[in-house]
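As structure tokens, the structure follows; a few thoughts come after it.
Remember, predicted model here, so these are calculated numbers, not experimental data.
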Amino acid sequence: MNLKKLVPISDQFPYVSFSKKKVVSGFGLGLVSFFIVLCVVFFNVSFKNPIFNSKTSLFSWSLSFTRTPSINSTYVQNPTGRFDELGDGHFGNFTGDVKNGSFGAISDKKFGFEGSGLSNLTNDVKNGSFDEVLDLKGSLGIFNEDVKNGSFDLNSGKDFNLGDTHLSNVTSDLKNGSFGSISENLDLDLRKNSGSYEECDIFYGRWVRDDTKPYYPAGSCPHIDRDFDCHLNKRPDDGYVKWKWQPFGCEIPSLNATDFLERLRGKKLVFVGDSLNRNMWESLVCILRESIDNKNKVYEISGRHEFKKKGFYAFRFEDFNCTIDFVSSPFLVRETSFNGKNGSFETLRLDLMDKSTLMYHDADVLVFNTGHWWTHEKTSRGEDYYQEGDHVYPRLKVLDAYRRALSTWARWVDRNIDINKTQVIFRGYSVTHFKGGQWNSGGKCHKETEPIFNSSHLTKYPTKMRAFDKVLKQMKTPIIYLNISRLTDYRKDGHPSIYRMEYKSVEEQIAAERSQDCSHWCLPGVPDTWNELLYASLLKLGRGSWKI
């Protein structure tokens with residue numbers, strides 16, 4: 001969705017910016033009123049009201065100004081595309097100056113936008129200016145103050161409160177009639193409202209500090225691979241575990257581990273994919289384990305303690321007779337070899353699923369992902385590597401290959417999954433934060449200790465997810481899409497970076513800065529939120545024991 005940048009407010013209300021001494025005619029005030037009425041219509045329109053469309057199989061949440069959109073939703077192409085023009089909400093940064101009789105001494109004001117849609121313009125307009133400015137509470141509320149002398153002047157006692165709307169960052173200064181030092185005076189917090197997580201896009205929001213996190217204390221879970229255990233590897237800061245994902249316009253439930261296990265009683269949940277899904281799998285095991293009194297009743301059935309090698313792993317929760325498994329299948333499709341004229345060489349069969357399907361086809365909940373291995377040199381180059389039938393492509397673009405592989409996965413799901421038994425979920429692409437190079441060329445994320453706060457610094461909606469969107473439109477099986485790309489993009493602070501291991505000397509640590517992990521995530525950390533959103537999504541859209 002390409003949304004045009006908002007023009008400065010002085011351009012939208014050209015008749016507001018009179019000099020203080022200028023007398024506004026009745027005709028001019030009529031035009032002011034006319035433009036305000038236009039704004040009523042503009043602000044009261046949703047971007048895309050979610051509607052369930054029987055022709056699509058994708059469950060997601062679309063973006064809307066309304067506080068209570070329909071629970072069901074339809075496919076939204078590029079649902080979290082880059083909104084850098086609009087800041088963190090649907091309307092971003094008011095940046096233009098308003099001088100000499102426009103927005104004057106507004107330093108003590110708040111802009112109250114608690115509902116959606118401009119509604120009641122109820123108060124006096126005197127002498128050509130807004131004086132007690134704009135209490136817009138309620139549906140972009142009530143213009144209720146006088147307009148005197150052509151400027152927004154006597155504003156020291158008023159509030160500009162952005163409330164529940166998605167107007168986010170008022171960033172410029174309100175000095176000499178322009179937006180000046182307003183950061184201390186504007187209430188920019190998106191106020192909690194009565195909206196249910198069932199009624200909003202839970203993947204569109206922001207990170208807020210939360211000292212109650214994480215779900216399990218750092219260092220408490222023995223089932224985390226050393227590569228992900230930043231605490232064990234002596235990462236000096238711990239702020240990266242003190243963040244909560246806050247969707248705009250609603251609250252999501254915390255992951256109730258006991259409730260999760262009860263709903264999973266006697267069942268099997270399987271993560272299938274690459275090491276980022278292993279990251280998520282270990283996170284869920286640790287969250288659920290924390291609720292168990294006798295920790296000895298949670299164990300990997302083969303007795304293994306490291307999970308980096310390809311294969312099948314299963315954690316059994318004995319008291320609930322359930323398992324939470326991980327199947328390593330980084331491409332989802334089959335890695336194989338081809339006997340050519342010059343000998344045998346490795347290929348990737350884009351038209352065949354990996355043989356590991358036998359390990360999970362009967363699961364009750366399936367969480368798939370694939371993406372990061374498609375960035376490796378061989379897959380990116382795509383020369384004499386991708387195979388369909390007996391044909392090996394001399395050259396094939398990686399995005400085309402990725403789409404073909406997803407199509408194979410989609411056909412397998414449609415043909416082999418019993419939707420009365422199995423809930424299928426696809427977790428989106430987890431954004432990386434390499435600076436100065438990629439994962440294999442000196443990229444770094446070391447010493448990052450806070451998330452990104454300015455949404456203009458975020459990347460665009462991943463092209464891999466655009467390809468995924470197109471494939472999903474053709475599927476018959478209902479799919480829950482965990483669209484976590486945007487929310488992970490903020491979290492440049494959450495990667496292991498150099499803390500993938502413990503170093504015996506300062507020299508070893510310095511040397512490690514040349515090889516950093518800015519793809520995976522520390523545990524506890526960001527994948528805990530993915531599982532929180534998994535829980536919320538299953539409660540909203542799941543069947544059987546997941547129905548509330």
Over 60° means perpendicular and under 30° means parallel, so tell me whether [X] and [Y] are parallel, tilted or perpendicular.
X	Y	result
W243	F453	tilted
Y385	F331	perpendicular
W245	Y490	tilted
W412	F368	perpendicular

Q.
If the threshold is 4.0 Å, N to carboxylate O, is there a salt bridge linking R491 and D493?
A. yes

**Q.** Salt-bridge criterion met for R226 and E306 (N-O under 4.0 Å)
**A.** no

Q: Return the set of residues passing disulfide bond (SG atoms under 2.5 Å apart) with C221 (not counting sequence neighbours), or none when no residue passes.
A: C286

Q. Where do C322 and L264 come nearest, in terms of heavy atoms and distance?
A. CB-O, 3.2 Å

**Q.** Which atom of F203 lies closest to which atom of S537, heavy atoms considered
**A.** CZ-OG, 4.0 Å

Can you confirm whether the side chains of [X] and [Y] place a donor and an acceptor under 3.5 Å from each other?
X	Y	value
T408	R411	yes
Y481	D469	no
S430	W521	yes
N531	S283	yes

Should we say atom [atom1] of [X] is surrounded by more than 12 heavy atoms from elsewhere, each under 6.0 Å from it?
X	atom1	result
K310	NZ	yes
E346	CD	no
H305	NE2	no
K295	NZ	yes

Q: Check whether NZ of the Lys or CZ of the Arg R235 lies under 6.0 Å from the centre of the six-membered ring of Y240 and within 45 degrees of that ring's axis.
A: yes

Look only at the side chain of [X] and the backbone of [Y], and say whether a donor-acceptor pair between them is shorter than 3.5 Å.
X	Y	result
N279	F228	no
K244	W207	no
T449	G239	no

Q) Among pairs that include at least one residue of residues 397-410, which meet salt bridge (Lys or Arg N to Asp or Glu O under 4.0 Å), considering only residues two or more places apart or in two chains? A) E388-R404, D400-R403, D400-R404

